[in-house]
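Working notes for the structure below.
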Amino acid sequence: MREKEKLTLLGSQGVKYDPDYNPDVLEAFDNKHPDNDYFVKFNCPEFTSLCPITGQPDFANIIISYVPDQKLVESKSLKLYLFSFRNHGDFHEDCVNIIMKDLIRLMDPKYIEVWGKFLPRGGLSIDPYCNYGKPGTKWEGVAAKRLEGHDMNPESVDNR
């Protein structure tokens, strides 16, 4: 089966936007360069979810970086997946961990990190970060190091 025949969303004009959290919309395709270690980075500055207590909307920039192994996530399916959080009620920390775990299940990457930079509500912004390195590989050590030093040199926050 040709690669494009496996992907159902790319190029489809009849896309359905799921109003509820839906990891089943995620699609992957074969990595043509599995012997090369390289980062793929996605930036989603329009992520929204709901506070599980108040139901008020939360807005964030979600940054996903990963080193693929055999599979990569298809970007349109990722957009639809992230959109499916729009009416999903979870805390910020839960959202980034759910995203990471869903992508690990989909792709089994060598390394992945997800960083949520949420806009403030009540004068407080929350920026949860999580990562994962495949056990038994050098990426397991990279994950531990990156987590340990993650916020040692925090960026200036001038856009909130």
Side-chain angles (χ1 to χ4, degrees), residues 9 15-28 31 37-160:
L9 298 170
V15 174
K16 177 184 174 277
Y17 291 89
D18 202 325
D20 297 310
Y21 165 71
N22 184 5
D24 295 334
V25 73
L26 286 168
E27 294 183 344
N31 180 6
D37 287 344
Y38 61 97
F39 270 95
V40 176
K41 188 171 192 172
F42 291 100
N43 184 28
C44 178
E46 298 176 344
F47 179 84
T48 59
S49 61
L50 298 177
C51 172
I53 306 301
T54 66
Q56 293 182 0
D58 290 314
F59 303 90
N61 182 15
I62 299 291
I63 301 158
I64 301 165
S65 296
Y66 72 97
V67 177
D69 194 353
Q70 300 301 311
K71 296 286 184 186
L72 292 103
V73 64
E74 192 280 314
S75 62
K76 186 172 184 179
S77 76
L78 181 62
K79 290 176 207 174
L80 293 171
Y81 166 74
L82 293 172
F83 182 84
S84 80
F85 278 83
R86 187 172 188 87
N87 293 318
H88 179 72
D90 245 329
F91 293 114
H92 304 342
E93 298 86 352
D94 296 323
C95 288
V96 298
N97 277 280
I98 289 167
I99 291 167
M100 183 182 74
K101 289 175 182 178
D102 285 344
L103 290 172
I104 291 168
R105 270 190 294 280
L106 177 74
M107 299 182 294
D108 189 26
K110 295 175 183 177
Y111 175 83
I112 188 168
E113 59 188 35
V114 179
W115 193 354
K117 297 183 177 194
F118 285 80
L119 293 176
R121 272 204 301 121
L124 183 68
S125 63
I126 302 173
D127 293 352
Y129 169 88
C130 59
N131 73 358
Y132 160 88
K134 190 177 281 192
T137 71
K138 71 177 182 179
W139 294 102
E140 184 176 27
V142 169
K145 264 188 152 167
R146 284 179 76 102
L147 185 61
E148 183 179 286
H150 166 67
D151 229 7
M152 296 302 287
N153 298 302
E155 79 283 1
S156 63
V157 179
D158 57 4
N159 64 339
R160 300 187 252 179

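Only heavy atoms go into these numbers, but all of them, side chains included; no hydrogens, no water, no symmetry mates. Residue indices begin at 1 and follow the sequence shown.
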| task | Output, in order, the C-alpha distance, side-chain angles, deciding distance and verdict of side-chain contact (heavy atoms from CB on, under 4.5 Å) for F42 and C44. | result | CA-CA 7 Å; F42 291 100; C44 178; over 6 Å; no

| So which pairs with a foot in residues 51-80 pass ring pair (Phe, Tyr, Trp, His ring centres under 6.0 Å), sequence neighbours left out? |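 Qualifying pairs: none.
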
| query | Quick check: does any side chain N or O of S77 sit under 3.5 Å from a backbone N or O of E74, one acting as donor and the other as acceptor? | reply |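 Pair found, side chain donor or acceptor close to backbone of E74.
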
With rounding to the nearest 0.5 angstrom, report the [atom1] to [atom2] distance, [X] to [Y].
{"X": "W115", "Y": "I63", "atom1": "CH2", "atom2": "CD1", "result": "6.5 Å"}
{"X": "D69", "Y": "M107", "atom1": "CG", "atom2": "CE", "result": "10.5 Å"}
{"X": "N97", "Y": "D102", "atom1": "CG", "atom2": "CG", "result": "11.0 Å"}
{"X": "K117", "Y": "F47", "atom1": "NZ", "atom2": "CZ", "result": "15.5 Å"}
{"X": "L72", "Y": "L106", "atom1": "CG", "atom2": "CG", "result": "9.5 Å"}
{"X": "S49", "Y": "D58", "atom1": "OG", "atom2": "CG", "result": "5.0 Å"}

| query | Tell me, which pairs form a side chain to side chain donor-acceptor pair (under 3.5 Å) where one or both residues lie in residues 136-145, sequence neighbours left out? | reply |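 Output for this query lists D37-K138.
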
Please identify each residue that fulfils side chain to side chain donor-acceptor pair (under 3.5 Å) with [X], with sequence neighbours left out.
{"X": "Y129", "answer": "Y111, E113, N131"}
{"X": "Q56", "answer": "R121"}
{"X": "N43", "answer": "N61"}

| Which pair of non-hydrogen atoms, one from F118 and one from A60, has the smallest distance, and what is that distance? |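 Where F118 meets A60 most closely, the heavy atoms are CD2-CB, 3.4 Å.
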
Result block: side-chain N/O donor-acceptor pairs under 3.5 angstrom for residues 84-94, not counting sequence neighbours:
| unit_1 | atom_1 | unit_2 | atom_2 | d |
| --- | --- | --- | --- | --- |
| S84 | OG | N22 | N | 3.0 |
| S84 | OG | Y81 | O | 2.6 |
| N87 | ND2 | P19 | O | 3.0 |
| H88 | NE2 | D90 | OD2 | 2.8 |

Would you say [X] and [Y] make side-chain contact, with heavy atoms under 4.5 Å?
{"X": "T48", "Y": "P57", "answer": "no"}
{"X": "P68", "Y": "V40", "answer": "yes"}
{"X": "I104", "Y": "M100", "answer": "yes"}
{"X": "I62", "Y": "V114", "answer": "yes"}
{"X": "C95", "Y": "Y21", "answer": "no"}

| message | Evaluate V25 against F83 for side-chain contact (heavy atoms from CB on, under 4.5 Å), listing each step before the verdict. | response | CA-CA 11 Å; V25 73; F83 182 84; over 6 Å; no

| message | Does this structure show an ion pair linking D108 with K71, if we count only N-O contacts that are shorter than 4.0 Å? | response |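 No.
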
| field | Within 6.0 Å of NZ in K134, more than 12 heavy atoms from elsewhere | value |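 Enclosed.
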
| Is there a side-chain contact (heavy atoms from CB on, under 4.5 Å) between Q70 and N31 once you walk through the steps? | CA-CA 5 Å; Q70 300 301 311; N31 180 6; 5.6 Å; no

| Verdict with supporting geometry, L26 and L78, side-chain contact (heavy atoms from CB on, under 4.5 Å) | CA-CA 6 Å; L26 286 168; L78 181 62; 4.2 Å; yes

